Amino acid sequence: MTNTFMQEAIRQAVENVRSGRGGPFGAVVVKDGRAIATGVNSVTCDNDPTAHAEVMAIRQACRTLGTFQLTGCEIFTSCEPCPMCLGAIYWARADRIYYAATAKDAADAGFDDSFIYEELARACSERRIPLQSMMHDEGLEAFREWKQKQDRIPY
């Protein structure tokens, strides 16, 4: 059965390219042996750099399930997830990721994200887009409020 879900992710990726809507990526979220959401890359047509196939599938799956976590779900993606998508999958707490093409395959096609891993290894001040902390004490107020909130929903 898992081949069926991967075949669907790949089919969506190919169709996405053929339709001209976006990049060569597709994803399927599966729960209890059933596809509950799909997504394709729509970065260019939506003018949204976060509109990767995995993120789009996660958003749809969470809406379908009425939750912000995908515990008990598996994600089938046509390509090894980029750092952003991998982070989203971890935040969603999916149980497993299956992928077809590799990050190297994606890089060979012009989708190279290795620079992001390199950037993350650098000190914040040495990155291409420098990060600089400011108003630290004021920024802690939201966390103080969160810690005191009795009805918070942990995640």
Side-chain angles (χ1 to χ4, degrees), residues 1-134 136 139 142 153-155:
M1 182 182 307
T2 56
N3 281 352
T4 303
F5 300 126
M6 184 59 75
Q7 288 169 342
E8 179 60 17
I10 294 168
R11 186 195 68 73
Q12 289 202 16
V14 171
E15 178 55 33
N16 203 45
V17 172
R18 289 178 181 162
S19 73
R21 283 196 35 86
F25 304 96
V28 177
V29 178
V30 174
K31 184 169 179 76
D32 299 328
R34 181 173 73 82
I36 61 166
T38 62
V40 294
N41 179 290
S42 61
V43 169
T44 55
C45 67
D46 289 347
N47 293 319
D48 180 352
T50 69
H52 289 201
E54 297 91 337
V55 171
M56 302 303 280
I58 288 168
R59 290 173 182 168
Q60 182 184 1
C62 288
R63 283 191 301 270
T64 297
L65 296 174
T67 182
F68 57 88
Q69 294 185 349
L70 297 179
T71 305
C73 294
E74 299 174 316
I75 298 180
F76 293 78
T77 180
S78 63
C79 186
E80 185 176 352
C82 75
M84 177 184 69
C85 292
L86 192 58
I89 293 166
Y90 272 92
W91 277 114
R93 293 178 174 79
D95 288 1
R96 184 178 299 269
I97 306 164
Y98 298 95
Y99 63 92
T102 66
K104 182 183 181 327
D105 299 323
D108 290 344
F111 298 92
D112 188 359
D113 55 22
S114 61
F115 75 95
I116 296 173
Y117 291 106
E118 293 165 7
E119 284 288 297
L120 292 174
R122 298 176 198 261
C124 291
S125 62
E126 295 174 6
R127 295 180 183 166
R128 279 197 245 173
I129 302 174
L131 282 82
Q132 182 176 340
S133 179
M134 59 185 288
H136 180 259
I153 299 171
Y155 59 96

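Predicted, not measured: the structure shown is a model, and the values here were computed from it.
- Residues forming a side chain to side chain donor-acceptor pair (under 3.5 Å) with D48 (at least two apart in sequence, or on another chain): T50.
- Pairs engaging residues 20-51 under the ring-ring contact (aromatic ring centres under 6.0 Å, His included) rule: F25-F111 [sequence neighbours left out].
- Legend: residues meeting side chain to side chain donor-acceptor pair (under 3.5 Å) with T64, ordered by chain and number and at least two apart, are absent.
- Shortest non-hydrogen contact noted between V29 and I58 is CG2-N, 4.3 Å.
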For side-chain contact (heavy atoms from CB on, under 4.5 Å), just list the numbers for I36 and C73, CA-CA rounded to whole Å, side-chain angles, deciding distance to a tenth of an Å, and then say yes or no.
CA-CA 9 Å; I36 61 166; C73 294; 4.2 Å; yes

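- V40 has its side chain out of reach of M56: every pair of non-hydrogen atoms, C-beta onward, lies at least 4.5 Å apart.
- For E119, the side chain to side chain donor-acceptor pair (under 3.5 Å) partners at least two apart in sequence or on another chain are R122.
- Contacts classified as side chain to side chain donor-acceptor pair (under 3.5 Å) and involving residues 75-94 (residues at least two apart or in different chains) are given here: E54-T77.
- Side chains of I75 and P81 form no contact here, defined as non-hydrogen atoms less than 4.5 Å apart.
- When all heavy atoms are compared, the tightest approach of L86 to Y117 is CD2-OH, 4.3 Å.
- Of the possible donor and acceptor atoms, one in the side chain of D95 sits under 3.5 Å from a partner among the backbone N and O of G72.
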For residues 100-110, which side-chain donor-acceptor pairs fall under 3.5 Å, sequence neighbours excluded?
{"residue": "T102", "atom": "OG1", "partner": "K104", "partner atom": "N", "Å": "3.4"}
{"residue": "T102", "atom": "OG1", "partner": "D105", "partner atom": "N", "Å": "3.1"}
{"residue": "T102", "atom": "OG1", "partner": "D105", "partner atom": "OD2", "Å": "3.0"}
{"residue": "K104", "atom": "NZ", "partner": "D108", "partner atom": "OD2", "Å": "3.1"}
{"residue": "D105", "atom": "OD2", "partner": "T102", "partner atom": "N", "Å": "2.8"}

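- Legend: residues meeting salt bridge (Lys or Arg N to Asp or Glu O under 4.0 Å) with R127, ordered by chain and number and at least two apart, are absent.
- When the side chain to side chain contact (heavy atoms under 4.5 Å, CB included) test is applied to S125, the partners found at least two apart in sequence or on another chain are A123.
- A pairwise comparison of heavy atoms in Q69 and C62 identifies N-SG, 4.4 Å as the closest pair.
- Considering every non-hydrogen atom in both A13 and G26, the closest pair reads CB-N, 3.5 Å.
- Between R128 and F115 the shortest side-chain heavy-atom distance falls below 4.5 Å.
- Minimum heavy-atom separation, T44 to N47: O-OD1, 3.3 Å.
- The shortest side-chain heavy-atom distance between P24 and N41 does not fall under the 4.5 Å cut-off.
- Listed by first and then second residue, the ring-ring contact (aromatic ring centres under 6.0 Å, His included) pairs that reach into residues 46-74 are F68-Y155, sequence neighbours excluded.
- When all heavy atoms of A37 and A61 are compared, the pair lying nearest together is CB-N, 3.4 Å.
- Evaluation of the salt bridge (Lys or Arg N to Asp or Glu O under 4.0 Å) rule for E8 yields R11 as partners, not counting sequence neighbours.
- Under the salt bridge (Lys or Arg N to Asp or Glu O under 4.0 Å) criterion, no residue pair touches residues 15-28, with sequence neighbours excluded.
- Here R96 pairs with nothing under the salt bridge (Lys or Arg N to Asp or Glu O under 4.0 Å) rule; sequence neighbours left out.
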